[in-house]
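Below is one structure, written out as structure tokens; comments come after it.
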There are 2 protein chains.
Amino acid sequence: MKTTKKYGKKIDLALSLWVKLSRAFTVVQQKAAEDIRKSGLTVPQFAVIECLGHLGELSIGELTKKQLVTGGNMTLVLDNLEKEGLIKRRRLQENRKIIKVSLTEKGKQKFLKTFLPHAKFISMLLSVLNETEQKTLANLLKKLGKTIQNKNI
Amino acid sequence: MKTTKKYGKKIDLALSLWVKLSRAFTVVQQKAAEDIRKSGLTVPQFAVIECLGHLGELSIGELTKKQLVTGGNMTLVLDNLEKEGLIKRRRLQENRKIIKVSLTEKGKQKFLKTFLPHAKFISMLLSVLNETEQKTLANLLKKLGKTIQNKNI
DNA sequence: TTTAAATTGTTTAAATTTAAACTAAATATA
DNA sequence: TATATTTAGTTTAAATTTAAACAATTTAAA
């Protein structure tokens, strides 16, 4: 922790936290991305497969909200997954504005084959923190993420 | 916290932590990016200005390491900052492979004008956690980031 | 010394991402 | 009903980012 006050105690602490949050995320993200690419999927493709694999059929809007990406981007990711036969789109008859997305049989196989190994990789990576530390960290991050997201600034 | 074991306690905990880390980072990052764009700089441009403003003259390699971006990308960011007259490049005579980058007078003014308001914004954003929580979080994130980065996987 | 290897930074092409304009469908309002 | 607004998703153009090939310089090894 820095001991010199550059901009005042409160600001210095927040900046230091933000730097460490960025660094920790980026480091994990880059290792995770390397691991994901081995499966032949891009990171956003993997994220969609994972989301559908765990939560079942979702609308495109729900997917973009879950992953905090823009709609145009999601369209492209889904197009590519559709071309590979991993997902399918289905227009809702009750509300024809909405398109539901789900895994095909091939997509389910891909999910089953790729997710657990990647989960183990992440677990191995994060094992530099013990169980208690991981729980504490997760709780603080949850509070940070949830509160800021719900806050309209 | 999830109570159902999907992949075993250890893996579930790590996955849950990774999701929360991503979410917290992304949420803060998107708010921070919005704030930075008001200054007329892109996020990576701002990061370079900040780095040079705080650390003084750095080589291009040092900048890419600090920001965990690829070299090609840094070249473009520096080109654009140079066009705007905010930074300057200087080839080292002792080692002509190395190019040192520093802020111009205009760049220093930009740094002084933009950094503190942004720092205050970040501080306000992170104030959803109290001082103790911020310190705990920063320490855990530091441990996570440093250890994984030094670990060769 | 001279060649080979490593380091530093740039260029290029391709992939990714965003923002804004757009289409289509549903809902609200006059 | 008819028009306007909102919502859901797509298209497009531009910006960003990466990875790989490249050039220049330095260092190491034969």
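Within every chain, numbering begins at 1; the chains are lettered A, B, ... in the order of the sequence lines, protein sequences first and strands thereafter.
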*I would like to know whether B:Lys88 and B:Glu82 meet salt bridge (Lys or Arg N to Asp or Glu O under 4.0 Å); could you show each step before the answer?*
CA-CA 6 Å; B:Lys88 52 180 185 282; B:Glu82 206 169 27; over 6 Å; no

*Would you mind reading off the distance between B:Met74 atom CE and C:dG9 atom P, rounded to a whole angstrom?*
11 Å

*Side chains of B:Lys108 and B:Thr104: do they bring a donor and an acceptor to under 3.5 Å?*
no

*A:Trp18 ring center near B:Phe121 ring center (under 6.0 Å)*: no

*So, B:Lys9 and A:Glu131, do they make that salt bridge, N to O below 4.0 Å?*
yes

*Out of C:dA26, C:dA19, D:dT18, which nucleotide sits closest to the side chain of B:Val69?*
D:dT18

*asked:* Given D:dA24, C:dA26, C:dA19, identify the nucleotide with an atom nearest to the side chain of A:Arg96.
replied: C:dA26

*Which part of the nucleic acid does A:Gly61 contact within heavy-atom distance under 4.0 Å: base, sugar-phosphate only, or nothing?*
sugar-phosphate

*Which whole-number value in Å describes the distance from A:Arg89 CZ to D:dA8 C1'?*
12 Å

*Of all the nucleotides listed (C:dT17, D:dG9, C:dA25), which has the minimum atom distance to the side chain of A:Asn73?*
C:dT17

*In dot-bracket, 5' to 3', how would DNA chain D read with Watson-Crick or G-U wobble pairs under 3.5 Å, [ ] for crossing ones and | for pairs to another strand?*
||||||||||||||||||||||||||||||

*Roughly how many Å is it from CG in A:Leu76 to P in C:dA19, rounded to a whole number?*
16 Å

*Looking at the side chain of A:Ile98, which of C:dT11, D:dT17, D:dA8 is the nearest nucleotide?*
D:dA8

*Distance, rounded to the nearest Å, where B:Asp79 contributes CG and C:dG9 contributes C1'*: 11 Å

*Decide whether A:Gln109 and A:Glu105 meet the rule of one side-chain donor and one side-chain acceptor closer than 3.5 Å.*
yes

*Is it the case that more than 12 heavy atoms not belonging to B:Lys100 sit under 6.0 Å from its NZ atom?*
yes

_From CD1 of B:Ile99 over to P of D:dA23, roughly how many Å is that when rounded to an integer?_
17 Å

*Closest to the A:Thr42 side chain, choosing from C:dA19, C:dT16, C:dA26*: C:dT16

*asked:* Ring-plane angle category for B:His54 and A:Tyr7, please: parallel below 30°, perpendicular beyond 60°, tilted otherwise.
replied: perpendicular

*With heavy atoms under 4.0 Å as the rule, sort A:Thr64 into base, sugar-phosphate or nothing.*
nothing

_Nucleotide nearest A:Arg37 when distance is taken to its side chain, options D:dA19, C:dT18, D:dT11_ = D:dA19

_Nearest to the side chain of B:Lys97, heavy atoms from C-beta on, is which of D:dA24, C:dA26, C:dT11?_
D:dA24

*Mapping A:Leu68 and A:Leu92 to their closest nucleotides on DNA chain C, which lands nearer the 5' end?*
A:Leu68

*Hey, does the side chain of B:Arg23 reach the backbone of A:Lys66 with a donor-acceptor pair shorter than 3.5 angstrom?*
yes

_Rounded to whole Å, please give me the gap between CG in A:Asn95 and C1' in D:dT6._
12 Å

*Give one of base, sugar-phosphate or nothing for B:Arg91, where a contact means two heavy atoms less than 4.0 Å apart.*
nothing

*C:dT17 C1' sits how many Å from B:Gln29 CD, rounded?*
12 Å

*Send over the distance from A:Ile60 CD1 to D:dT7 P, rounded to a whole Å.*
18 Å

